[in-house]
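Encoded as structure tokens, the structure appears first; notes follow it.
Each chain gets a letter, A, B and so on, in the order its sequence line appears, and its residues count up from 1.
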Number of protein chains: 2
Amino acid sequence: MPKLTIRDIAQLAGLSKSTVSLVLNNSPKVDPATRERVLEVMRSHNYTPSSAATALAKGRTPFIGMIVPGLTWHMVAAVNYGVASVIEQSPYEIILYTSTNEKDYTALVERITTSGLSAGLLVVTHDQPLDPLEKLHRSGLPVVLVNTLGTPSSLPSVQTDNYEGTRIALRHLVELGHTRIACVQGLMAYVCCQDRYRGYLDALDEAGISPDPGLTVDGGFHPPTVRERVSELLARPDRPTAIVAQNDSTAYAVMQAVIDCGLRVPQDISVVGFDDIASSADTHPPLTTVRQPFPEMGVAAARMLLRTIDGDDAGAPDGDAGAVTSGGTDAGTAGTISMPTSLIVRESTTGAPSKPFTPARTPATGPDTPPRPWSGLGPNISSQR
Amino acid sequence: MPKLTIRDIAQLAGLSKSTVSLVLNNSPKVDPATRERVLEVMRSHNYTPSSAATALAKGRTPFIGMIVPGLTWHMVAAVNYGVASVIEQSPYEIILYTSTNEKDYTALVERITTSGLSAGLLVVTHDQPLDPLEKLHRSGLPVVLVNTLGTPSSLPSVQTDNYEGTRIALRHLVELGHTRIACVQGLMAYVCCQDRYRGYLDALDEAGISPDPGLTVDGGFHPPTVRERVSELLARPDRPTAIVAQNDSTAYAVMQAVIDCGLRVPQDISVVGFDDIASSADTHPPLTTVRQPFPEMGVAAARMLLRTIDGDDAGAPDGDAGAVTSGGTDAGTAGTISMPTSLIVRESTTGAPSKPFTPARTPATGPDTPPRPWSGLGPNISSQR
DNA sequence: CTGAAAGCGCTTACAG
DNA sequence: CTGAAAGCGCTTACAG
């Protein structure tokens, strides 16, 4: 049986197409009784309007495009979770565009532009150039970024308060009595990493601790490198008692290095991560880390986009509590939302050891030694970069 | 500037809308020269047809819906990767529907049906009831399942050859000289688990080994349970020399249990997983496991769907090499595709120890003992269930 | 090979 | 409060 059209409904209800259309669009001009009758007919005949026809007539589409850099990262999945939860409640559907590295990113954006399918675009950024998106935005397409790397951009975006994130981690450590606190940097080309590092430095300063340059290790978000460098660091007599890493994957490598050196987490060395990916609750010991609110970021980004597309509705009843808005000329619309992080205290941190601990033995893993089997943590998954 | 329409192009080219439409649709009836001219005009003016109008006029939409059970599982992400790679080359876009547990699954299906947006549906199944999908399919909407649990269904689907998968794992162990091989079952309610278990039993039989019921442990795909049960198993004097687990997450728990008991992988106990999720290459030692070809499954499913939607094109030039098709009344269309697995041999398996090994100490982790910190593997992520 | 016309299913002024 | 009409941008027989 062929799909019913508005004409059929009109006929069945003894009305004109116009009136049916009006009830479809919730016009207040239609008589409540009539309205009810039409609704009833639609219901009983299981009618749903053709979205193609609606889109054509109204001149706008019910889709929002979402570009993600592959789905295999925890972060992306978590953001999507938040996005989906708000889009689901809206009349929009998500068109998924996966921007794999191998593919020409510009071509993807081009495809989106020319297809004209999307009423707005949600982009979980990674390393891609932002210019094509900015051009798109200037040409009128609403775009909102979930700016994972904190890259500066004129586009409306939601990101994490990376600076403050590291500061709360440091404060936690300082409260526990640590004074020799090392920092394993990520990729300093990323603004998020610069911010995290600034947070580290400033928090140290606030605690009256003068930073020891020797305690900053450049890990490049690369676990093997981190493991090696941290092992070297721990072999030194003036080794730190705590280490903050710029993401969880890297923190795993730090923990690994600690074991490699015959030390223990947290008794000898406290370790703090950044991200709070799912696996961090299950490491041995469970990792204390700075949580990035990925689902909340997805929610905020989706609401922001819906708001700019539709003017207002898409109700965000309680606002994005706790988020700091800045930038936007026009309050509540554009600008950057910086989401607050929180410290998830688990078991990888504890009070600073009262006296320097002498390692039971020298590091088993040096630069040229293969990793010991079974020496500890396993998988390093969904890295932040 | 307003978007160009077919009328504008016609005017600019000095032709009628009809002709322009014909070139848009690659009609052979149009004069090559004319065609070229039209194409040139479209190109220079950056014209792209309105998909809403096209959809309305043609009576079909350029979307394929994809239902996924949340994005946080490696499996789903990997399948999506394959799906995206083929859809990308087609005129279709993916509408993403995330079916979270909390949500009414039937409502989702209902929404998809009534929106009429999708020309076909790709479903990465999990635990959901298949009936709504079967109804949908009977009503004419092409549906293809990526049947992760091997649940029997009349719907066209692609799945893994679970039976054969376990058999190759067992053959590998038998070749290494193992004869006491334990099996950690998953959830036996799932057909995939039943198949894997049958594979285990049959392979044993083929090797002339009579199965010891004591070597089958019911793990329910629950890592803590597995760790505990396997620890108990290993404490027995007649413990196995090899253990196959029904997924990788569970294999991690098995490795954990081996350490708990003061034994080593693979010297004392060989361990084999199932899935080959990303993290399995990075465990200590790297896990030997049966690879499920998730991306390939995505590719196969997408091609299958495209084929049933569009009759034939959507070129799958080399066919789905290696896959076994069965069922389909009408060759190459419906039915179930069973994808071959492969054994990824890494370092968690080795020759059977020649003589029973005496543990250095008794298990440190019993049912009531908390896990030792640092005793081994960390995160258990993206479990198969 | 090309054009004029009707139609896809809905919306939106405009009358009444 | 309701209806007739024109239009959204494309496609598809049907003429020529």
Side-chain angles (χ1 to χ4, degrees), chain A residues 1-42 45-63 91 113-119 310, chain B residues 1-42 45-63 91 113-119 310:
Chain A
M1 90 198 184
K3 205 166 183 290
L4 289 181
T5 73
I6 198 176
R7 174 194 308 257
D8 301 316
I9 301 300
Q11 205 165 293
L12 288 165
L15 290 164
S16 72
K17 291 185 338 181
S18 313
T19 306
V20 175
S21 177
L22 289 180
V23 349
L24 237 25
N25 289 281
N26 289 310
S27 166
K29 309 199 286 189
V30 56
D31 180 272
T34 315
R35 170 187 185 68
E36 214 28 74
R37 186 151 48 94
V38 173
L39 253 20
E40 181 48 36
V41 174
M42 301 201 300
H45 291 264
N46 222 285
Y47 165 79
T48 43
S50 145
S51 49
T54 308
L56 179 56
K58 287 196 172 168
R60 56 195 164 93
T61 64
F63 301 106
T113 320
T114 62
S115 79
L117 245 27
S118 304
D310 287 334
Chain B
M1 90 198 183
K3 205 166 180 292
L4 290 180
T5 73
I6 198 175
R7 174 193 309 259
D8 301 316
I9 300 300
Q11 206 164 292
L12 287 165
L15 290 165
S16 73
K17 292 186 334 181
S18 313
T19 306
V20 175
S21 176
L22 289 181
V23 350
L24 238 26
N25 289 282
N26 289 311
S27 166
K29 309 199 284 185
V30 56
D31 180 89
T34 315
R35 171 187 184 68
E36 213 29 71
R37 184 150 50 92
V38 173
L39 251 21
E40 181 47 36
V41 173
M42 301 202 299
H45 290 264
N46 221 285
Y47 166 79
T48 43
S50 145
S51 49
T54 308
L56 178 57
K58 286 197 172 168
R60 56 193 163 96
T61 65
F63 301 106
T113 320
T114 62
S115 79
L117 245 26
S118 303
D310 287 334

Integer-rounded Å distance: C:dA6 P and B:Leu56 CG: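 To the nearest whole Å, that distance equals 18 Å.
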
If you look at every heavy atom in A:Lys17 and A:Arg7, which pair is closest and at what distance?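 Answer, listing the atom of A:Lys17 first, then A:Arg7: CG-CA, 4.0 Å.
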
Smallest separation among heavy atoms of A:Tyr47 and A:Thr5, with atom names: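 For A:Tyr47 and A:Thr5, the tightest heavy-atom pair comes out as CE1-C, 3.7 Å.
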
With side chains defined as the heavy atoms from C-beta onward, is the minimum distance between A:His45 and A:Asp8 less than 4.5 Å?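 In short, these two side chains do not touch, never coming nearer than 4.5 Å.
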
Is there a side-chain contact between B:Thr19 and the phosphate of C:dC1, meaning an N or O under 4.0 Å from OP1 or OP2?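 So the side-chain polar atoms of B:Thr19 never come under 4.0 Å of the phosphate oxygens OP1 or OP2 of C:dC1.
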
Are the side chain of A:Arg37 and the backbone of A:Ala13 linked by a donor-acceptor contact shorter than 3.5 Å?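 Present.
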
Would the distance check show the side chain of A:Thr61 and the main-chain N or O of A:Ala55 forming a donor-acceptor pair, the cut-off being under 3.5 Å?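 Flag not set: sc A:Thr61 to bb A:Ala55 has no pair under 3.5 Å.
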
Between B:Thr19 and B:Ser16: side-chain donor-acceptor atoms closer than 3.5 Å: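 Side-chain D/A pair, B:Thr19 to B:Ser16: present.
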
Checking side chain to side chain contact (heavy atoms under 4.5 Å, CB included) between B:Val41 and each of B:Val20, B:Leu4, B:Val23, B:Leu12, which is the one that passes?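 Exactly one candidate clears the test, B:Leu12.
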
Candidates A:Leu15, A:Val30, A:Leu22 - the one meeting side chain to side chain contact (heavy atoms under 4.5 Å, CB included) with A:Val38: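 By the side chain to side chain contact (heavy atoms under 4.5 Å, CB included) criterion, A:Val38 pairs with just one of A:Leu15, A:Val30, A:Leu22: A:Leu15.
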
If you check the B:Val30 side chain, which of C:dT2, D:dG9, D:dT2 turns out closest?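 Closest nucleotide among those given: C:dT2.
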
Quick tally for nucleotides 10-16 of chain C: nucleotides whose base has a protein heavy atom under 4.0 Å get B, sugar-phosphate-only ones S, the rest -, giving BBB----

Anything below 3.5 Å on both distances counts as a pair; with that, list the stems of at least three consecutive Watson-Crick or G-U pairs involving DNA chain C.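 So the stems come out as C:1-3 with D:14-16, C:5-12 with D:5-12, C:14-16 with D:1-3.
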
